[in-house]
Amino acid sequence: MKLNSLNYDSLSPAQTVALQQELRKHIQIRPLYKEVKIIGSADISFNKGEETVYAGIVLFKYPELTVIGNYTAKAETKFPCISGLLAFRELPALLKVWEQIETKPDLMVLDGQGIAHERRMGIATHFGWLTDVPTIGSAKSRLAGRFIEPANEAFAQSEMTDKGEVVSIALRSKKNCNPIYISPGHHIDIEQSVEVIKNCIRGYRIPEPIRQAHNLVNEFRIKDIGSNAQQLLF
DNA sequence: GCGACAG
DNA sequence: ATCTTGTCGC
């Protein structure tokens, strides 16, 4: 069903926009149904200009953030980098990783937007719809939504509004650093999304789960570059 | 027409 | 996203 019908590479940008318009009708922003004991974080890495993408997911106990699992997968994509359509480039690889996980986490944090998106269908929202798992988007830069700069102190925050709707929170995770942009993906609300992310800050601008997922996929990519170079020696 | 534009 | 040195500010 949902997870087997990912032929995103064959869709034109216009078709993916239409798909986002359809999918947004099914998105639920509301409080969590169950307690969160395990969270996962996902990220992607790739070499500029190449079609190979390296995807990874790290699992943690929450709220201690003890690592309890690492998963990676390599995939090919022909879908280009287009702002607003990142999901179509990155999700197929992420789902390949997701399928490896025997015990799924209670919540996933994605590097990118949730509903803070022109059609409310950022990658975190899209991933949540595909997997039926609560998701949060934590982005390093703004896509949709305007806001007033939060005060320059840790945990200062400011609402972000798009088309008259509050879609996310600009959160200053660390003093003297630019804010990060937190939006619910699916099956969670804004307040709980910000609460979870605040509990995941460990002295860096980027929430610890995302930092670790980023490190994982980057190391995975570097190792693969190395092993490809080795093979050329034979 | 011009600027903005997740990763 | 990735590449990549020094540099400015707290």
Side-chain angles (χ1 to χ4, degrees), chain A residues 8-9 13 16-17 20 23-24 27 41-57 72 74-95 97 108-129 135-147 151-154 156 160-163 167-186 193 197 203-207 209-211 213-226 228-229:
Chain A
Y8 289 166
D9 270 2
T16 61
V17 168
Q20 287 181 332
L23 295 187
R24 70 180 294 183
I27 300 309
S41 59
D43 197 15
I44 296 285
S45 178
F46 58 88
N47 297 310
K48 186 179 181 179
E50 292 182 9
E51 295 182 343
T52 303
V53 293
Y54 303 86
I57 291 177
T72 56
K74 187 174 148 178
E76 301 295 317
T77 181
K78 289 187 181 297
F79 204 92
C81 287
I82 301 175
S83 182
L85 303 178
L86 291 190
F88 298 94
R89 175 176 171 81
E90 303 191 347
L91 280 183
L94 279 182
L95 289 170
V97 183
M108 283 289 293
V109 183
L110 283 283
D111 190 7
Q113 314 292 348
I115 61 168
H117 177 280
E118 48 266 59
R119 288 172 294 277
R120 307 290 176 264
M121 281 301 301
I123 188 167
T125 303
H126 201 137
F127 184 92
W129 178 77
T135 55
I136 300 171
S138 173
K140 298 180 293 299
S141 56
R142 188 196 71 88
L143 177 59
R146 311 192 74 190
F147 65 104
N152 185 20
E153 53 186 76
M160 300 181 70
T161 305
D162 183 51
K163 298 168 190 163
V167 292
S168 58
I169 296 290
L171 173 69
R172 193 163 326 264
S173 47
K174 182 179 179 176
K175 190 177 181 184
N176 296 320
C177 290
N178 290 325
I180 56 176
Y181 307 89
I182 312 303
S183 56
H186 190 36
S193 297
I197 295 298
Y204 294 93
R205 176 186 179 230
I206 304 301
I210 296 208
R211 286 188 69 239
H214 189 270
N215 289 341
L216 175 69
V217 294
N218 219 22
E219 285 167 13
F220 181 38
R221 180 178 60 87
I222 300 298
K223 281 179 194 166
D224 192 61
I225 293 175
N228 288 340

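Sequence lines set the chain letters: A, B, ... in the order given, protein chains first and strands last, and positions in each chain run from 1. Heavy-atom basis, side chains included; hydrogens, waters and symmetry copies ignored.
- Of the candidates B:dG7, B:dC5, B:dA6, B:dG7 carries the atom nearest the A:D111 side chain, counting heavy atoms from C-beta on.
- Residue A:R221 is in sugar-phosphate contact alone, with no base atom involved, counting any heavy-atom pair closer than 4.0 Å across all strands shown.
- In this structure, A:F46 places its CZ atom 8 Å from C1' of C:dT2, rounding to the nearest Å.
- Rounded to whole angstrom, the span from the CG atom of A:L143 across to the P atom of B:dG3 amounts to 19 Å.
- The CG atom of A:D162 sits 14 Å away from the P atom of B:dA6 (whole-angstrom rounding).
- Between the CG atom of A:N152 and the P atom of C:dG9 there is a distance of 15 Å, rounded to whole Å.
- We find that CZ of A:F147 is positioned 14 Å from C1' of B:dA4, with the value rounded to whole Å.
- In summary, the side chains of A:E51 and A:T77 do not present any donor paired with an acceptor at a separation below 3.5 Å, with no hydrogens or angles considered.
- Applying the 4.0 Å criterion to OP1 and OP2 of B:dG7, one finds that A:H214 has every side-chain N and O outside that range.
- Regarding contacts with the backbone of B:dG7, a side-chain N or O of A:S141 is found under 4.0 angstrom from either OP1 or OP2.
- Distance A:L110 CG to B:dG7 C1': 12 Å, rounded to the nearest Å.
- A:H126 and A:F88 have perpendicular rings, their planes meeting at more than 60° on a 0 to 90° scale where under 30° would count as parallel.
- Here C:dC3 presents its P atom at 7 Å from CG of A:N47, a figure rounded to the nearest Å.
- OP1 or OP2 of C:dA1 has not a single side-chain nitrogen or oxygen of A:S45 nearer than 4.0 Å.
- At the phosphate of C:dT2, OP1 or OP2 sits under 4.0 Å from a side-chain N or O atom of A:N218.
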### Message
Between A:L143 and A:Y181, is the side-chain contact (heavy atoms from CB on, under 4.5 Å) condition met? List the steps.
### Response
CA-CA 9 Å; A:L143 177 59; A:Y181 307 89; over 6 Å; no
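- For the pair A:H117 and A:R24, the minimum side-chain heavy-atom distance is 4.5 Å or more.
- Among the atoms of the strands shown, only primed sugar atoms or phosphate atoms (P, OP1, OP2) are found under 4.0 Å from some heavy atom of A:N176.
- Other residues, nucleotides and ligands place more than 12 heavy atoms under 6.0 Å from the NZ atom of A:K163.
- Checked by atom type and distance alone, the side chain of A:R205 pairs as donor or acceptor with a backbone atom of A:K140 at under 3.5 Å.
- Residue whose closest nucleotide on DNA chain C sits further toward the 5' end, between A:K140 and A:K175: A:K140.
- Heavy atoms of A:I82 sit nowhere under 4.0 angstrom from any nucleic acid atom.
- If you check every strand for non-hydrogen atoms under 4.0 Å, A:G49 touches nothing.
- Note on A:I222: nothing from the nucleic acid sits closer than 4.0 angstrom, heavy atoms only.
- Taking atom CG on A:N178 and atom P on C:dC10, their separation rounds to 14 Å, with Å as the unit.
- Considering only side-chain atoms of A:R142, the nucleotide from B:dA6, C:dA1, B:dA4 that sits closest is B:dA4.
- Between A:H126 and B:dA6 there is no side-chain polar atom (N or O) within less than 4.0 angstrom of OP1 or OP2.
- Of the side-chain N and O atoms in A:R89, none sit less than 4.0 angstrom from OP1 or OP2 of B:dG7.
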